[in-house]
Amino acid sequence: MNHGVPYFLIVEILGKLTVKSLLRFKCVSKQWFRLITHPHFTDQYLSNQRKKDPRFLTAYFKIDRATKHIVIASMVINGISLPDTRIPYRHQRMDDVPHDGYHMLNSCDGILCFLGRFKIIVLNPSTREHRILHQSDVDSFSPVTNPFQVAINFPQQQQQLGFGRDLVTKRLKIVKVFNPYPNIGPLLHHHDYCEIFTLRSNPKVFWNYIGKIPYKFDVSSPCVYVDGAIYWFTDDIYHLEKTEVIIMLDLNMEKFQSIPHPSCCSNRQRRTMQLGSLRESLCLAQQVSDCELNIWIMEKEKSPLVTWEKLYCIKLLSNDLQFGVGFAFAEDKNGRFVVCGGDKVYVFNENGENGYLVHDQQDVPISFTESLERL
């Protein structure tokens with residue numbers, strides 16, 4: 001079947017193709033099907049995709065007379081040059097999705113997670129495979145031991161979902177942090193509660209109730225997944241221990257802990273900051289003003305100590321780029337720093353090259369990598 005072509009060369013060639021092509025080539029033979037669906041190949045393919053230029057993605061729910069669908073709009077920063085003025089988006093539809101007021105959370109290894117009022121959708125937009133999870137799956141727990149029964153009837157701003165991968169088991173996990181007593185007041189019950197859902201092929205798996213955690217999270221600030229852990233900001237008003245600013249959840253141990261934060265968190269409002277990921281490390285974006293953005297990166301030494309370093313200090317030429325509530329940032333393969341927010345993309349190069357590019361979407365974007373991951 002290989003016609004004299006070495007096996008390793010076939011793997012290398014297939015690893016450079018698009019997901020759409022690989023899905024077709026699975027039908028060539030049983031051998032190719034086993035190769036393309038093998039975990040080692042899918043991991044290597046994901047690693048190769050991470051080395052490419054960044055892709056930004058937005059999503060929104062749309063209802064028309066015929067169908068209900070989620071629209072995925074993706075934009076690839078590929079070989080861009082600053083004299084260019086516009087970057088096109090590629091639109092993709094996911095049809096017949098149950099209407100539930102979804103909004104998009106973070107991505108993990110090419111998988112998207114959408115939170116609705118009663119449902120959660122996990123989607124691989126590259127393969128179009130998706131799973132719909134019902135938040136009411138936790139009804140099998142006792143209401144005495146599971147206060148989420150109280151929380152589910154309250155607005156979703158009382159809860160926040162995180163999404164990431166356990167690097168030991170290789171399984172994807174959804175983490176729900178919530179306040180089961182929103183009407184009593186956060187100062188009287190300042191602890192949040194947590195449940196974790198592990199994606200398995202078994203459709204009867206349930207949410208694992210972790211219980212009370214000694215932190216109060218900021219539900220208005222998005223969390224971020226980095227290298228086997230999910231990170232949150234604490235609530236700068238209701239969290240009682242003011243020295244605890246960033247909280248980490250190890251997805252394998254399922255344990256929370258506070259980690260050191262950069263010096264900028266000590267005397268500035270949390271609303272001007274956003275967590276992110278660069279170079280497989282946790283980052284913090286600090287919007288100093290409409291014309292200045294600082295990027296801090298967390299460095300883990302060989303010792304348990306955690307330190308922060310200011311990676312970028314970006315001086316914008318004007319305040320035309322309004323980041324707003326959420327924005328995405330990444331580095332391209334040429335080492336340029338790219339920020340996507342509002343309807344513009346800002347490109348920064350350490351040698352002084354910088355400028356804007358305009359795109360067609362104004363929804364909150366996320367950075368994204370194509371993947372062959374099966375759900």
Side-chain angles (χ1 to χ4, degrees), residues 98 100-109 111-123 130-166 169 171-184 186 189-200 202-226 228-235 238-239 246-258 275 366 375:
D100 198 28
Y102 300 104
H103 70 273
M104 183 172 60
L105 306 173
N106 61 301
S107 67
C108 174
D109 295 344
I111 308 300
L112 305 179
C113 188
F114 295 85
L115 171 64
R117 184 171 177 81
F118 299 105
K119 297 181 177 66
I120 297 171
I121 294 181
V122 183
L123 163 71
H130 72 281
R131 286 181 63 178
I132 298 177
L133 311 175
H134 296 270
Q135 295 197 39
S136 57
D137 285 346
V138 297
D139 288 346
S140 59
F141 288 97
S142 167
V144 176
T145 59
N146 178 21
F148 179 70
Q149 297 261 343
V150 181
I152 195 170
N153 295 319
F154 290 96
Q156 67 182 30
Q157 61 263 26
Q158 301 296 337
Q159 58 181 305
Q160 188 183 81
L161 258 65
F163 181 57
R165 184 184 300 280
D166 180 338
T169 65
R171 294 189 182 277
L172 294 168
K173 292 185 176 183
I174 302 172
V175 180
K176 183 191 302 291
V177 176
F178 58 92
N179 173 16
Y181 309 107
N183 289 344
I184 297 177
H189 294 272
H190 63 275
H191 290 163
D192 281 341
Y193 290 73
C194 177
E195 290 182 336
I196 298 179
F197 186 96
T198 302
L199 267 71
R200 299 186 178 93
N202 180 5
K204 296 184 178 180
V205 294
F206 300 106
W207 291 84
N208 179 26
Y209 176 57
I210 303 300
K212 183 171 66 175
I213 55 178
Y215 305 105
K216 187 67 181 174
F217 290 175
D218 183 356
V219 296
S220 66
S221 179
C223 61
V224 62
Y225 166 79
V226 184
I230 300 177
Y231 297 85
W232 288 264
F233 277 131
T234 58
D235 192 298
Y238 296 120
H239 185 65
I246 301 175
I247 304 301
M248 179 189 79
L249 169 65
D250 184 307
L251 287 174
N252 177 248
M253 302 297 294
E254 298 187 351
K255 299 293 184 182
F256 290 87
Q257 70 178 75
S258 174
L275 296 174
I366 62 171
L375 303 176

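What you see is a predicted model, and the numbers here were worked out from it, not measured in a lab. The basis for the numbers below is simple: all heavy atoms, side chains too, and nothing from hydrogens, waters or symmetry mates.
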_To the nearest 0.5 Å, what is the distance between CD1 on I247 and OG1 on T234?_
6.0 Å

*May I ask you to decide whether K216 forms a salt bridge with D192, counting only side-chain N to carboxylate O separations under 4.0 Å?*
yes

*asked:* Quick check: do V175 and I210 have side-chain heavy atoms less than 4.5 Å from each other?
replied: no

*Is there side-chain contact between I230 and V224, with heavy atoms separated by less than 4.5 Å?*
no

*Taking the six-membered ring for Trp, are F178 and Y193 parallel (under 30°), tilted (30 to 60°) or perpendicular (over 60°)?*
parallel

*Look up atom CG in L375 and atom CG in L123, then write down how far apart they are to the nearest 0.5 Å.*
7.5 Å

*asked:* Please give me the minimum heavy-atom distance between C223 and G162, naming the atom from each residue.
replied: SG-CA, 3.6 Å

*With a 4.5 Å limit on heavy-atom distance, are the side chains of E254 and I196 in contact?*
yes

*Decide yes or no for L112 and V122: does some side-chain heavy atom of the first lie under 4.5 Å from some side-chain heavy atom of the second?*
no

*Atom CZ in R165, atom CG in L172: separation rounded to 0.5 Å?*
4.5 Å

_Least distance between heavy atoms, Y209 atom then C194 atom_ = CD1-O, 3.8 Å

*Which atom names give the shortest non-hydrogen contact between P222 and Q160, and what distance separates them?*
CA-NE2, 4.3 Å

_Aromatic plane relationship, W232 with F217 - under 30° parallel, 30 to 60° tilted, over 60° perpendicular_ = parallel

_Just verifying a value: how many Å separate C113 SG and L133 CG, rounded to the nearest 0.5 Å?_
7.5 Å

*Can you name the nearest heavy-atom pair linking R131 to R200, along with the distance?*
NH1-O, 2.7 Å

*Output all residues satisfying salt bridge (Lys or Arg N to Asp or Glu O under 4.0 Å) with D166, sequence neighbours left out; order by chain, then residue number.*
K173

*What's the shortest heavy-atom distance between K176 and L161, and which atoms?*
NZ-CD1, 3.6 Å

*Counting distance only, does the side-chain N/O of Y231 pair as donor-acceptor with the main-chain N or O of I246 below 3.5 Å?*
no

*What is the minimum heavy-atom distance between I120 and W207, and which atoms define it?*
CD1-CZ2, 3.7 Å

*Do F163 and I174 touch side chain to side chain, with heavy atoms closer than 4.5 Å?*
yes

*Mind checking whether L275 and F233 have side chains closer than 4.5 Å, heavy atoms only?*
yes

